[in-house]
Amino acid sequence: VPRTINVGELIDRARDHDPRAIARLISLVEDASPELREVAAALAPHTGRAMVIGLTGSPGVGKSTSTSGLVSAFRAAGHRVGVLAVDPSSPFSGGALLGDRVRMQEHATDPDVFIRSMATRGHLGGLSWATPQALRVLDAAGFDVVLIETVGVGQSEVEIVSLADTTLVLVAPGMGDGIQAAKAGILEVADIFVVNKADRDGADQAIRELKHMVSLGRREQEGPSWRQPVVRTIAARGEGLTDVVEAIEAHRTWMAEHGELERRRTARASAEVEAIALAQLRDRMGDLRGGDALAQYAKQVMAGELDPYAAADALVAGLADATAG
Ligand SMILES: Nc1nc2c(ncn2[C@@H]2O[C@H](COP(=O)(O)OP(=O)(O)OP(=O)(O)O)[C@@H](O)[C@H]2O)c(=O)[nH]1
Ligand SMILES: [Mg+2]
């Protein structure tokens, strides 16, 4: 017998800062439970307040250590802080990943900090699906700041940009990260560069290279643009993190002055709606003619009886008919 869930009560408890209610709500949205729609509708009026900060970068660059340091900095300023550690390569979710548990342990007993690890492998659309919903839960639960950590692999750093108000790209000296960043198009996604592990050789060179790349990038832009600062940190010793917080605040001020925050948040909402709509279309396509429509068209395309465009047209027309009928 499935347990009945009182969504309204859960949300009230989450807004009263009950960590178990918050965790439960995130599980509900993450598992795409039957209550998902009710949860989403009940959260909506309480969202839009949190400052969302994304951290991305290569494995081991120091994202979790930096996140933990930023949590301390924001707590010292009196903010409540939520953390989502998103691992696009892992199918395991729920509790904190082992490394994160160690790195963020100092906050484990702070009731004004909530840390959650999420796995997105296996979710259609990866980050674009589950993470925004979890973000809405934390936003509605009254966290002033939400930090989203994600490993920079493939699409994920691009996706994080549609989620975050401000994106930090972390690099470390000697990892060839600066060059990698340029290649992977990370230059465009970064609002702030952080050269972490500055206690190691090559930090000055990495900073010089990044500053040079930033100045080259700016020449190609028209209109007022944000000059991406390059901040030096030694996250393991807590050094430089107040500079990171200052850079985040400067970026926020700049965005407010240029209408950029609203533009980004609208783009975020748009991507969210689009992802849900596309998932629905895909579901309906799968249901069409008892789930056989696509397979039948595929056979006809394979046999040369139909071209793929005509098959797609027929499939879409079938969807429209099914909706009308
Ligand atoms: N020398 C040095 N080591 C650091 C610094 N910051 C973090 N580390 C170490 O680097 C290792 C990886 O740090 P994490 O914070 O787990 O890195 P991460 O980017 O979150 O790693 P993944 O989540 O696995 O991608 C740990 O052993 C940290 O102690 C630093 O400023 N200097
Ligand atoms: Mg980490």
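Just follow the structure's listing: the first ligand is 1, and inside any ligand the first atom is 1.
In this structure, a donor-acceptor pair under 3.5 Å is absent between the side chains of Arg136 and Thr131. Counted by atom type alone, Glu239 and Thr233 present zero donor-acceptor pairs between their side chains at under 3.5 Å. Under the 3.5 Å distance criterion, with hydrogens and angles disregarded, a donor-acceptor pair is assigned to the side chains of His17 and Arg80.
Residue contact check: Ala236 has heavy atoms under 4.0 Å from atoms 4 (C), 5 (C), 6 (N), 30 (C), 31 (O) of ligand 1. Near Ala235, the atoms of ligand 1 lying under 4.0 angstrom from a non-hydrogen atom of the residue are 6 (N), 31 (O). Atoms of ligand 1 found under 4.0 Å from any heavy atom of Pro59, numbered from 1 in the order shown, are 25 (O). If you number the atoms of ligand 1 from 1 as listed, the ones under 4.0 Å from a heavy atom of Ser64 come out as 15 (O), 18 (P), 20 (O). If you number the atoms of ligand 1 from 1 as listed, the ones under 4.0 Å from a heavy atom of Asp199 come out as 1 (N), 2 (C), 30 (C), 31 (O), 32 (N). Residue Gly62 has at least one heavy-atom neighbour below 4.0 Å for each of these atoms of ligand 1: 13 (O), 14 (P), 15 (O), 17 (O), 18 (P), 19 (O).
Scanning Glu239, Lys63, Arg237, Lys197 for the heavy atom closest to atom 10 (O) of ligand 1 points to Lys197.
A distance-only check finds no donor-acceptor pair linking the side chain of Ser270 to the backbone of Thr266 [under 3.5 Å].
With salt bridges taken as basic N to acidic carboxylate O contacts below 4.0 Å, none links Arg49 and Asp139. A salt bridge is defined here as a Lys NZ or Arg NE, NH1 or NH2 lying under 4.0 Å from an Asp or Glu carboxylate O, and Glu9 with Arg13 meets this definition. Salt bridge annotation for Arg265-Glu262: absent, with no cationic side-chain nitrogen under 4.0 angstrom from a carboxylate oxygen. Under the 4.0 Å criterion applied to side-chain N and carboxylate O atoms, Arg232 and Asp199 are not assigned as salt-bridge partners.
At least one N or O atom of Thr65 sits closer than 3.5 Å to an N or O atom of ligand 1. Considering backbone and side-chain N/O atoms, Ile234 never comes within less than 3.5 Å of an N/O atom of ligand 1. Considering backbone and side-chain atoms alike, Ser66 places every N or O at 3.5 Å or more from each N or O of ligand 1. Residue contacts with ligand 1: Gly60 is placed with a nitrogen or oxygen under 3.5 Å of a nitrogen or oxygen of the ligand (distance criterion only).
At the Mg ion (ligand 2), the angle from OE2 in Glu149 to OG in Ser64 is 80° when rounded to 10°.
Contact between Glu149 and ligand 1 is present, with at least one heavy atom of the residue lying under 4.0 Å from the ligand.
Under 4.0 angstrom from ligand 1, the non-hydrogen atoms of Asn196 all belong to its side chain.
Note on residues 298-318: no pairs pass side-chain hydrogen bond (donor to acceptor under 3.5 Å, both in side chains), not counting sequence neighbours.
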